[in-house]
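Data block below; observations after.
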Amino acid sequence: MHETTKRRRKSRSETLQSHYFQGDNGLESQDPESPKCSPSNEQRTQPSGPTKSRFFPAQHIALDELLATPAFACFYNDFVQALVDLYRAKPILIQEHVACDPWKVIVAVTLLNKTAGKQSIPVFFDIIDRWPTPDALAQAPLSLLHELVKDLGLGEVRSTRLIALSQMYVEDPPVPERLRPSRGKMRLPCSSEGGLTDVKYPPTPISHLPGCGPYALDSYRIFCTGDDQWKSVLPRDKELVKYLRWKWAFEEYRRWDPHRGPGDTIDLDYIRSMTAELNVAEISH
């Protein structure tokens, strides 16, 4: 009699079904030890489709339909043409040209510091042609290097610094994962008073190298890191400021201020105004 009752209870439990939990026994699906609780391979790999709502139907905007409207077509064509003109007005800096080699970037900014590009860039290429690597420039005769840079001003200081920089670059090359304490300061907005305040420049991989002040560090962070670090740079050099204003407008569609950082979205008038400024500006790098 007792065995019969157990069999009946077991049989009854096997026939329990749920309209809400299909495929598994209602009692067994609540057992955490049961293998049926884990989803099947088919359930795990099945991609979930986009959620649809009958209250908020998806809206598809066809560009061709908008362009059929004369007012929109006129604005669209003007905006695209303005972006093309802005691209053509891009500031050309030597740092971007040699960005794949941080050592060359530092050599370039050492020559550019307080010197116009039309004088310093030809000297830069003369130096790189004679001593194309850090090891080569580290062994350059000081007198010969001085002859190349003396017309830029501070010839003895620059030539000595370039050799010391190259020697340190060979002995202790920068490693992206190893940040070194920086010399100098950078200016940031002061949120409490609405003004500006000078703070210590953040560490970078090249901060230990001779001659790497804020100008060199800004150039490295803008051109050599290969990530979004350029977005946090607030340079004082006028050519770097010009370049970042262009980069923020063309790539991020945002206004940018060298003291405050990114601002509002750009519009057609802003693009045209910036393009005009860049086209008449004298290139000094």
Side-chain angles (χ1 to χ4, degrees), residues 83 85-128 149 151-154 157-158 161-162 165 182-189 196 198 201-202 204 206-207 209 211-252 254-263 266 270-285:
L83 285 177
D85 294 339
L86 180 62
Y87 173 76
R88 292 172 177 168
K90 176 183 179 180
I92 307 299
L93 302 188
I94 186 63
Q95 294 97 311
E96 187 174 25
H97 179 70
V98 296
C100 59
D101 190 339
W103 170 73
K104 291 181 180 178
V105 171
I106 303 171
V107 171
V109 299
T110 300
L111 299 173
L112 283 167
N113 194 16
K114 298 180 180 180
T115 307
K118 61 178 63 177
Q119 285 85 36
S120 58
I121 290 178
V123 175
F124 166 76
F125 283 114
D126 286 342
I127 293 175
I128 297 302
V149 303
D151 292 337
L152 302 180
L154 303 173
V157 173
R158 292 184 202 261
R161 181 171 295 171
L162 287 173
L165 158 68
S182 299
R183 300 177 292 273
K185 296 183 178 182
M186 61 184 298
R187 184 161 294 179
L188 294 177
L196 300 173
D198 289 333
Y201 203 100
T204 76
I206 66 167
S207 297
L209 298 174
C212 283
Y215 177 37
L217 300 180
D218 287 341
S219 296
Y220 174 83
R221 294 172 65 204
I222 293 172
F223 297 103
C224 300
T225 58
D227 53 22
D228 285 341
Q229 197 170 147
W230 65 270
K231 294 182 178 180
S232 61
V233 180
L234 298 175
R236 298 185 184 182
D237 177 77
K238 64 178 183 178
E239 298 300 328
L240 292 181
V241 168
K242 189 189 305 180
Y243 178 85
L244 284 184
R245 285 188 67 227
W246 176 91
K247 190 175 180 70
W248 272 102
F250 187 78
E251 296 187 5
E252 303 295 326
R254 296 183 67 180
R255 303 167 188 252
W256 180 82
D257 180 83
H259 302 302
R260 306 292 176 184
I266 60 174
Y270 181 84
I271 297 174
R272 287 173 170 171
S273 175
M274 176 182 292
T275 302
E277 292 176 10
L278 293 174
N279 284 332
V280 300
E282 179 181 358
I283 300 176
S284 60
H285 276 205

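Note: hydrogens, waters and symmetry copies are ignored here, and every other heavy atom, side chains too, is used. Given the structure is predicted, the values throughout are model-derived calculations rather than measurements.
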On a heavy-atom basis, the closest approach of L217 and S207 is CD2-OG, 3.8 Å
Are F125 and I94 close enough that some pair of their side-chain heavy atoms sits under 4.5 Å apart? yes
Compare all side-chain heavy atoms of I266 with those of F250 and state whether any distance is below 4.5 angstrom. no
Nearest 0.5 Å please: distance from the CG atom of L165 over to the OG1 atom of T110. 6.0 Å
Work out which heavy atom in P258 is nearest to a heavy atom in L234; give both atom names and the distance. O-CB, 3.4 Å
Y215 side chain near L240 side chain, heavy-atom distance below 4.5 Å: yes
Go through the structure and list residues passing salt bridge (Lys or Arg N to Asp or Glu O under 4.0 Å) with K185, not counting sequence neighbours. none
Atom CG in L111, atom CG in L152: separation rounded to 0.5 Å? 6.0 Å
Go through the steps to decide whether V241 and W256 satisfy the test side chain to side chain contact (heavy atoms under 4.5 Å, CB included), and finish with yes or no. CA-CA 9 Å; V241 168; W256 180 82; 3.9 Å; yes
Tell me the closest heavy-atom pair linking F223 and L93, and the distance in Å. CZ-CD1, 3.9 Å
Mind telling me whether Y243 and W246 have parallel, tilted or perpendicular rings, with 30° and 60° as the class edges? tilted
Could you tell me the separation between the CZ atom of R255 and the CZ atom of R245, rounded to the nearest 0.5 Å? 10.0 Å
Taking atom CD1 of I92 and atom CG of L278, what is their separation to the nearest 0.5 Å? 10.5 Å
Looking at every non-hydrogen atom in both residues, tell me the closest pair between M186 and P202 and how far apart they are. SD-CD, 3.1 Å
Side-chain donor or acceptor of R254 paired with backbone N/O of G263 under 3.5 Å: yes
Which heavy atom of L112 sits nearest to which heavy atom of G117, and what is that distance? CD2-CA, 3.7 Å
Could you check whether any side-chain heavy atom of I106 comes within less than 4.5 Å of a side-chain heavy atom of L209, counting everything from C-beta outward? yes
Quick one: does any side-chain atom of D228 pair with a main-chain N or O of K231 as donor and acceptor, under 3.5 Å? no
If you round to the nearest 0.5 Å, how far is CD1 of I128 from CG of D101? 7.5 Å
Given T115 and R158, is the side chain to side chain donor-acceptor pair (under 3.5 Å) satisfied, shown in steps? CA-CA 12 Å; T115 307; R158 292 184 202 261; 2.6 Å; yes
Between K90 and E96, does any NZ, NE, NH1 or NH2 come within less than 4.0 Å of an OD or OE carboxylate oxygen? yes
Separation of I271 CD1 from L86 CG (nearest 0.5 Å): 6.5 Å
Taking every non-hydrogen atom, the tightest pair across V105 and S219: CG1-CB, 4.1 Å
For the residue pair W230 and T225, establish whether any side-chain heavy-atom pair is separated by less than 4.5 Å. no
Find out whether I222 and Q95 are in side-chain contact, i.e. whether some heavy atom of one side chain is under 4.5 Å from a heavy atom of the other. no
